[in-house]
Amino acid sequence: MKILGIESSCDETAAAVVEDGVRLLSNVVASSMDLHKPYGGVVPEIAARSHMEAIIPVVEQALSDADCTWDDIDGIAVTYGAGLGGSLLVGVMTARTLAITKNKPLYAINHVEGHIYVNFLTEGKMAHDATSHEFEISGKIYRLPTEQPVFPMLGLIVSGGHSQLVLWHDHFDYVLLGHTSDDAIGEAFDKVAKIIGLPYPGGPSVAAAAVNGNAEAFDFPKSRIATVSPELTALRHKIGSTRTAGYDLSFSGIKTAVLRAAQSAVGKTHELPSYELPGLLNASQKADIAASFQRVAIETIVDKTLAAVEEFQPKSVIIGGGVAASSELRRQLAERLPSPASYTDIKLCTDNGAMIAALGCFKAMRGQPTADPYSLEIAPNLSM
Ligand code: KG4
Ligand code: ZN
């Protein structure tokens with residue numbers, strides 16, 4: 001079973017071929033990130049235009065890297081949400097057209113679920129170093145997990161657009177334990193970077209600045225959201241859990257706290273125009289703010305992950321999404337979780353086509369419904 005996956009929900013135009021939900025045959029990603037850098041965030045119109053230029057060459061490259069012709073492909077999987085409308089449209093219209101003209105079944109994929117399913121990939125076409133489980137795919141070296149996840153599986157999805165904890169009992173059978181009620185954690189990293197004048201994307205630049213900072217210099221507040229969804233309540237009844245805490249998250253409070261702390265560090269108030277703030281902060285103040293913010297933001301999600309592990313005793317804990325690249329997240333999880341969490345190669349944590357193709361394979365192998373190539377619509381606000 002070979003599935004071509006197409007991803008275009010944000011600023012990466014990506015395609016990949018995955019076999020049997022386990023083997024990564026190709027992975028091609030073209031990013032327009034450099035075009036967005038001057039603006040400090042993704043500009044939707046620029047992203048959509050870049051997708052249009054890149055999508056056909058990227059799909060052709062993914063097929064050729066996988067040594068596949070269209071005859072070898074059993075189906076097409078495409079991200080239909082969540083994401084930027086203009087960006088999603090390019091991927092979905094391309095996939096719909098290809099499904100019709102090449103006569104292939106079409107699978108509509110939820111981007112967020114894809115971030116977890118990429119962790120099922122444990123093999124590549126060509127072993128680079130079998131002892132360290134490294135594979136060469138599309139000219140790059142990937143270190144993949146040695147084993148596929150096992151159910152029940154707890155998924156922590158942390159990216160620029162999402163922060164959520166999901167418990168899977170089996171494929172396509174899951175409960176959303178909690179999600180962010182405002183900003184996603186990656187978005188908070190991006191906004192904090194902008195406040196203190198670090199380059200976009202904020203995750204890596206905050207992490208780099210934090211290396212020289214004191215993580216205890218500021219005691220930023222952690223969110224205290226107590227909401228519990230009806231699904232979580234029903235799950236607790238089913239398993240006889242008496243816990244009452246919720247798993248929802250919030251990152252807008254800490255972002256405002258960072259702004260206020262930075263203003264007062266330079267002896268100013270909220271009346272200071274935001275564009276003047278980075279120029280007044282010195283390198284050591286920036287480093288302390290970055291390190292303290294990073295510690296508290298990561299602690300917030302690790303607290304909830306640990307609580308979910310204790311309550312639901314999953315057999316696998318999977319971390320997905322761009323923020324899974326954070327070494328502070330990996331350090332705190334390793335220190336606090338009773339058994340290690342599983343990550344894939346960092347190149348597969350950020351947006352890519354392999355995550356979409358991997359989930360597409362499981363849908364195809366398990367007889368999940370296909371999408372109508374004549375009518376599949378984008379769903380920018382899709383949730384789990
Ligand atoms: O999954 P992704 O590529 O795109 C979305 O689906 O949003 O995630 C991108 C996010 C950005 O917000 C970026 O700042 C964050 O991942 N990120 C990090 C790190 N590397 C990337 N956040 C924290 N620490 C990092 N090392
Ligand atoms: Zn993503």
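Just so you know, ligand 1 is whichever comes first in the structure, and atom 1 is the first atom listed for that ligand. Throughout, numbering of the chain's residues begins at 1 and tracks the sequence.
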- Query: Just which atoms of ligand 1 are under 4.0 Å from any heavy atom in Gly161?
  - Reply: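 It comes down to these atoms of ligand 1: 7 (O).
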- Show which atoms of ligand 1 fall inside a sub-4.0 Å distance from at least one heavy-atom site of Thr350.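 Atoms satisfying the 4.0 Å criterion: 3 (O).
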Is it true that [Y] and [X] share a donor-acceptor pair across their side chains at a distance under 3.5 Å?
| X | Y | value |
| --- | --- | --- |
| Asp182 | Ser250 | yes |
| Gln148 | Thr122 | no |
| Asp11 | His51 | no |

- Query: Taking just the N, O or S atoms of Asp351, which one is nearest to the Zn ion (ligand 2)?
  - Reply: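 It is OD1, the N, O or S atom of Asp351 closest to the Zn ion (ligand 2).
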- Message: Need the atom name: nearest N/O/S atom of His115 to the Zn ion (ligand 2).
- Response: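 Looking only at N, O and S atoms of His115, the one nearest the Zn ion (ligand 2) is named NE2.
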- Assess His111: does it contribute an N, O or S atom lying under 2.8 Å from the Zn ion (ligand 2)?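 Yes, His111 qualifies, because one of its backbone or side-chain N, O or S atoms lies under 2.8 Å.
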- Option of least heavy-atom distance to atom 5 (C) of ligand 1 (set: Ser205, Ala210, Gly160, Gly186):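 Of the listed residues, Gly160 has the closest heavy atom.
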- Option set Thr79, Asp190, Val323, criterion heavy-atom distance to atom 12 (O) of ligand 1, minimum: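 Considering heavy atoms of Thr79, Asp190, Val323, the nearest to atom 12 (O) of ligand 1 sits in Asp190.
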- Taking the six-membered ring of Tyr142 as reference, does the NZ or CZ atom of Lys347 fall below 6.0 Å from its centre and within a 45° cone about the axis?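 Checked: cation-pi criterion met.
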- Glu7: which of Thr13, Thr79, Asn352 passes side chain to side chain donor-acceptor pair (under 3.5 Å):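 It is Thr79, the one option of Thr13, Thr79, Asn352 that forms the side chain to side chain donor-acceptor pair (under 3.5 Å) with Glu7.
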Part of [X] within contact of ligand 1 (heavy atoms, under 4.0 Å):
| X | value |
| --- | --- |
| Asp351 | both |
| His115 | side chain |
| His162 | neither |

- Message: Using a plain distance cutoff, I'd like to know if Pro201 has any nitrogen or oxygen under 3.5 Å from a nitrogen or oxygen of ligand 1.
- Response: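 Among all N and O atoms of Pro201, none is under 3.5 Å from an N or O of ligand 1.
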